[in-house]
Every structure is written in C-alpha cells, then in structure tokens.
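The structure appears right after this line, and notes come after that.
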Amino acid sequence: MTVAERYAGYMHGLVQNVVSKIGPRESCGDGEKQLGQLLVKEWEPLCDSVTTESFACHPRAFLGFLPAYALLYLAAVACYWLFPLLSSLLAGLAFATFVLELMLYWEFVDPLFPREQGENIVGAIRPRGEVKRRVIVSAHTDSAYEFTLWYFLKNASMPIVVLGVLASLFLCVAAGAKTVAGGGSEAFLTAGVIAAALYPVVGLFLFWHTYTPVPGAMDDMAGVAVVTGLARYLSDGKQGDGFFPEGTEVVLIGMGAEEAGLRGAKRYVEAHREELERIPSYGLFVDGVYDEKFLSVVNRELFIGAKHSPRLVELAKRAAAQRGRNIKVTMVPLGATDAAAFSLAGVPSTCILCQDTSKLVPHYHTRLDTAEKVRPESLSVTLQLIIDMIQH
C-alpha cells in the first residue's frame, strides 16, 4: 500500500461532493467561485497562507467566435462569384481567427466579448529552512461547455472539424487566385462549387458547443482533488507523519478559466513573473484523471506550440518506474493545458494525466463526465507520483 492510498477515499469523496452539490462550473461563473470558496476552507488549515487572486478576462471569447466563423464562411461563399477579393478577405479572416484564438490561444477577438472576473485560489506551504526552490502543483476549477459535436458524433467529429477549418483556407486561396487571374476559367467555377458544397460541414460550427457546462469530474475536479490530497499529505508530514520538504516551497493553485483559453494560468504568470524568475520554480499540473492505466506525462502540446521540461518528464518516468508503474510519455494533440502557459513563459513544467489521449473518450467535454467515471485508484496513483516527484 502506498502512502497516497490513505487519501483515496477523501479525494474521491471530494469529487463526488463537488459534482453533486456545486455541479458544473462555468469559467468565471458562480460554480467556479463556489469551488474556490470550498478550497479556501479546505486549504486554510493545511497551508501557511491561502489567497484568492482575482483577474479579468473575456471567458466567452475562446469558443464564442465559432458561430461567427461559420457565418463569415457563408458570406465569403456568397461573395466569391461577384466580389472575389472580399471573399478571400472574409475567408482569410475566418481561418486566421480560428488559428490564432483556438489553436494558438491568442486573445485575438477577446475585446469583442463581455469582460468578467475570474479567480485563482493560491495556497502556499513553506518548507523547513530557507526557500531554495518552488514547486507549483495546480489543477483547474472550471468545467467545459459541452461540445455538442463530440457528444453526438464522437471520434467522427474530428475529420469534420479539420475539413471545416481547411475549407476556409481553400476558399481564401481560391478567391485570391480568382482575383489575380480575373476569373472566367472553369477551374474557378469548380472551386466555387466545392466551397459552396463544403458549407454544410462548416455550418456545423454553429453547433460546436452549448453554453451549458458539463459536470467536469475527470476534467478537472479529479485534478483539484489530487492537489487537495497533496495539501493533506504535506500537513500530516509537517506534524511528523511522513515526508515534509526542506528548502522546497509548495504552492497549490486552483486555477480559474482554463476552459476559456488558459486565462487564469496566463494571468498568474503575468502577476508573478518576478518571483517565478527570482526563485527556481517548477510546475506540475494535473488534468484529466479517471483511469490509472492511462497514467501519462506530457512532453509537448501541439496546438499551442509548448514544449515541456525534459527534466520533469524524465523525473516522472523514474518516479513511476520506482513504483513498478508504466507511464506513457505523450503529447496533447488537441487543445492545451495550463502547463503550456507556464512552459511558454519559461517556467519548467509538465502535465500529469490519467486519460486516454489517443481518442475522444465519451466523457471528455460532455455531460457524461460524472464522478462515477473517476476511479479512486487513479487519484491515489496520481497523488503518489506527485509526492515522489517533489521528494526527488
């Protein structure tokens, strides 16, 4: 029995309690803030300090432009026949917005959406002796809007999404070429017909997501429970019942607005850049925990272009091997985690998952993400890995 197994029941109970009593947690919404208040109460007896850090963002911008994407494409198709230059510009704007906002996580169209206040909950556990390094352990407190296409179409939705994005690029190039050539050829007629025929695919972007957040047990209440389990473990260690760090400050963060484009993580890095640079700091982020057989450590995130710390990835591999566990080194092919915001800012980081990233599992960003999907063993295995990494 590992030491982390002592906290499995507590962590799983916390997941069940939050999902059943607080429920879904929209980015910057009441549910997210209620969970923040609960974490303050849970963490205050366990940490040396707990603070609530407010930040401003535009949470609906990240996915909110998708209906506009479909409408821009429709307008571009309509303009193709008589105003090809305008068609190229509209299609190019649609494509660029998708890439910049949803793939690279730039806050490209955010000012066009309502401004709201989010919260990061930060608990600090000071070590014995002088602080020589800092380990940030974090999970996000919000849950995603339901992705309608993913719920109904499952893995079949992915080629549809790819085709829908490439359609705007195709139309942009075709309309631009028609503008330069002056039109008139049969090839341009064919390109216009193809672009029009693709609209039913692009039109599905109108229904990409609802504005109803999902329960968010796996993503990411389970991660929050692991972070809280770590707080209890270190509190017990400080009282003499186990390990307690010397020289390593442990900072726990319940990060807000991750599902709104990593806004909470971005704001934290901006606000704490000086102290993150002054003391060697490392980030361990926990996300997507439901089945320990998919224990994974992330080395890169393709969409946002983040490369995570090779040192931390190797440390995770060694720590898992010492427990006789297999751990997969994986990349995040779609979307991004809060770890990306830290790695891109120069803070060595990685993300720990217990999620099958080779496909869209049915409960990822859907109403099926309930507490019953989260195995207590996945929580204890993840917690033990985090503990072992901190010890090393």
Side-chain angles (χ1 to χ4, degrees), residues 2 4 104-105 132-140 218-220 222-224 226-227 229-230 243 245 247-253 255 258 262 265-266 268-269 276-277 279-359 361 364 377-392:
T2 64
L104 298 180
Y105 285 63
K132 298 179 180 179
R133 69 194 67 83
R134 175 186 298 111
V135 176
I136 295 165
V137 185
S138 175
H140 65 87
M218 168 194 76
D219 184 16
D220 188 28
V224 173
V226 169
V227 175
L230 176 64
F243 164 78
T248 300
E249 179 185 44
V250 178
V251 176
L252 315 175
I253 308 179
M255 204 78 79
E258 190 265 4
L262 317 183
K266 288 185 172 186
Y268 183 88
V269 169
L276 291 172
E277 294 174 350
I279 298 174
S281 300
Y282 306 89
L284 301 177
F285 294 82
V286 186
D287 207 341
V289 174
Y290 71 93
D291 191 333
E292 67 281 3
K293 73 182 177 185
F294 299 115
L295 180 65
S296 306
V297 58
V298 179
N299 64 352
R300 61 186 303 187
E301 306 190 28
L302 291 185
F303 258 30
I304 199 170
K307 294 182 180 180
H308 295 318
S309 167
R311 178 183 174 186
L312 292 179
V313 171
E314 287 301 315
L315 179 58
K317 289 169 61 179
R318 291 200 308 271
Q322 288 173 1
R323 296 283 175 182
R325 288 203 168 272
N326 293 321
I327 185 168
K328 179 182 178 182
V329 178
T330 188
M331 63 181 179
V332 175
L334 181 69
T337 73
D338 282 332
F342 279 68
S343 286
L344 289 172
V347 180
S349 300
T350 189
C351 183
I352 305 300
L353 308 170
C354 284
Q355 178 182 345
D356 184 0
T357 58
S358 67
K359 61 182 180 180
V361 294
Y364 181 58
E377 294 84 356
S378 69
L379 301 171
S380 60
V381 166
T382 305
L383 174 58
Q384 189 63 60
L385 179 64
I386 297 291
I387 291 169
D388 292 341
M389 292 179 72
I390 293 174
Q391 285 184 300
H392 289 85

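For reference, positions follow the sequence shown, starting with 1.
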- Query: Between Thr357 and Leu353, which heavy-atom pair has the shortest distance, and what is it?
  - Reply: CG2-CD1, 3.7 Å
- Task: Evaluate the side chain to side chain contact (heavy atoms under 4.5 Å, CB included) criterion for residues Val251 and Val137: first the C-alpha distance (whole Å), next the side-chain angles of each, then the deciding distance (0.1 Å), finally the verdict.
- Result: CA-CA 6 Å; Val251 176; Val137 185; over 6 Å; no
- So, does Asp220 use its side chain to make a donor-acceptor pair with the main chain of Gly223 at under 3.5 Å? yes
- Query: Can you name the residues that form a side-chain hydrogen bond (donor to acceptor under 3.5 Å, both in side chains) with Arg134, not counting sequence neighbours?
  - Reply: Glu249, Ser281
- Who pairs with Ser138 by side-chain hydrogen bond (donor to acceptor under 3.5 Å, both in side chains), at least two apart in sequence or on another chain? none
- Spatial distance of atom CG (Leu284) from atom OG (Ser309) [nearest 0.5 Å]: 9.5 Å
- Query: Tell me, which pairs form a side chain to side chain donor-acceptor pair (under 3.5 Å) where one or both residues lie in residues 339-350, sequence neighbours left out?
  - Reply: His308-Ser343
- Query: Arg300 and Val298: which non-hydrogen atoms are nearest, and at how many Å?
  - Reply: O-CG1, 3.3 Å
- Please list, chain by chain and in numerical order, all residues satisfying side-chain contact (heavy atoms from CB on, under 4.5 Å) with Asn299, sequence neighbours excluded. Val313, Val329, Met331
- Task: Kindly check if the number of other-residue, nucleotide or ligand heavy atoms within 6.0 Å of CZ (Arg311) is above 12?
- Result: no
- Message: Checking Asp338 now: which residues fulfil side-chain contact (heavy atoms from CB on, under 4.5 Å) with it, not counting sequence neighbours?
- Response: His140, Met255, Glu258, Leu262, Ala265, Phe285
- Task: State which residues pass side-chain contact (heavy atoms from CB on, under 4.5 Å) with Val381; sequence neighbours excluded, sorted by chain then number.
- Result: Glu292, Leu295, Arg325
- Message: According to side-chain hydrogen bond (donor to acceptor under 3.5 Å, both in side chains), who are the partners of Lys317, at least two apart in sequence or on a separate chain?
- Response: Glu314
- Applying side chain to side chain contact (heavy atoms under 4.5 Å, CB included), run through Tyr290 and Asp356 and close with a yes or a no. CA-CA 9 Å; Tyr290 71 93; Asp356 184 0; 3.6 Å; yes
- Query: What's the spacing between Ile136 CD1 and Leu252 CG if we round to 0.5 Å?
  - Reply: 10.5 Å
- For the student: nearest non-hydrogen atoms of Leu315 and His392, plus distance: CD1-CB, 3.6 Å
- Kindly write out the residues that satisfy salt bridge (Lys or Arg N to Asp or Glu O under 4.0 Å) with Asp388, not counting sequence neighbours, or none if the list is empty. Arg323
- Query: Does Leu344 have any side-chain contact (heavy atoms from CB on, under 4.5 Å) partners at least two apart in sequence or in another chain, and if so, which?
  - Reply: Ile304, Ala306
- Task: Indicate yes or no: at least one non-hydrogen side-chain atom of Val289 is less than 4.5 angstrom from one of Leu379.
- Result: yes
- State whether the side chain of Tyr282 and the backbone N or O of Val347 hold a donor-acceptor pair below 3.5 Å, judged by distance alone. no
- Test Ile352 against every option in Leu383, Thr382, Thr337 by the side chain to side chain contact (heavy atoms under 4.5 Å, CB included) rule and name the one that passes. Thr382
- Item | Counterpart residues, side-chain hydrogen bond (donor to acceptor under 3.5 Å, both in side chains), relative to Ser296 (two or more places apart) | none
- Message: Does any part of the side chain of Thr330, heavy atoms only, come nearer than 4.5 Å to the side chain of Val297, both counted from C-beta?
- Response: no
